[in-house]
Amino acid sequence: MSFIIPCYPPDYKTLSVGISNLKCSYPFLRTGILGRSLCLRKIYSLRLGRAENPVLITAGFHAQEWITSLVLLRFIERVCQAAQKRNTLCGIDVGGALNRREVIFIPCINPDGTEIALKGSCTAGKYRNFVEKISNKDLSHWNANARGVDINHNFNAGWQISRKLENEAGITGPSPRRFGGAAPESEPETQALTNLCRNRCPRTAIALHSQGEEIFYEYGKYTPERGLHLAKIFSASSGYTLVQNAGIYSHAGFKDWFIEEFHSPAFTFELGKGKNPLPLSEFDSIYSKVEEMLILACIM
Ligand SMILES: [Zn+2]
């Protein structure tokens, strides 16, 4: 089977052209711009179906985890193919289901960081020197946005606790990873996502990260019961392990904020297993393990 989205590291041009080509082939796919990154790159949204309280699936928070963007784009394309041909996907009539459900996809919430990781500091515009300084010109661990803020430590849920844990880990300012910013929601990429959620109140939110083949599903006392039920279904579908928050990654993430703010289910899916960035040679096996889980997330 051939695909519009190439199995290639999704730099910004590949992402933009791919989304435009998807839209041409599947006119029912509604594309939009959720916001702009620090370097003014577009944060794309793609929408299928129409209904109140959509399901939201996001990827590309961490620059070294660009394979998550590729997995989400492949999934969008497979859903579009099935809907257009009225085929089932994993035995499910996804086209029919989307008559009564909207799904919003954000393939890359951190386009600057992804570009820096894939193509170097020269892509960081006015932040170029800053990126080189705080990374010591070693971008192999770069996960942040263009000014060294880790988007997934920048949400307003236990942010002060997260800051304390960062300090204890020796991270006291902008850094290639793990620095939560000057204040919660200080970054335009974070704001793009929180604005969308406040406007649309998704029924469920999913953030794709890598790696570990794990599912995070809880945050404090507001974790809804439906979150645990869904997590068990997702785990049964994918074989991924359910895990609870622990340590420096336990606060200020998108999933944490979403649960605390809306008391609705949110999940982090840690795709694949190995060392980030996971190689493209792993893509097919990663994708095949999670496709049914992503379909279930859309329809449940
Ligand atoms: Zn991540």
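Counting convention: from 1, in listed order, for ligands and their atoms alike. Positions are given from 1 along the sequence.
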Student: Are any of the side-chain nitrogens in R200 or E102 under 4.0 Å away from the carboxylate oxygens of its partner?
Tutor: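 Result for this pair is yes, salt bridge flagged.
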Student: When you compare the side chains of S37 and N110, does any donor N or O come within less than 3.5 Å of an acceptor on the partner?
Tutor: no
Student: Just to be careful: counting only protein atoms that are N, O or S, how many fall under 2.8 Å of the Zn ion (ligand 1)?
Tutor: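 There are 4 of them.
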Student: Got more than 12 heavy atoms from elsewhere within 6.0 Å of CZ, F3?
Tutor: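 Enclosed: over 12 neighbouring heavy atoms sit under 6.0 Å from CZ of F3.
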Student: Should the ring pair F155 and W257 be called parallel, tilted or perpendicular, given that the plane angle runs from 0 to 90° and is split at 30 and 60?
Tutor: tilted
Student: With under 30° as parallel and over 60° as perpendicular, where do the rings of F75 and Y287 fit, or are they tilted in between?
Tutor: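 Geometry flag for Y287 against F75: tilted rings.
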Student: Quick one: side chain to side chain contact (heavy atoms under 4.5 Å, CB included) partners of I134, sequence neighbours excluded?
Tutor: F130, W142, P174
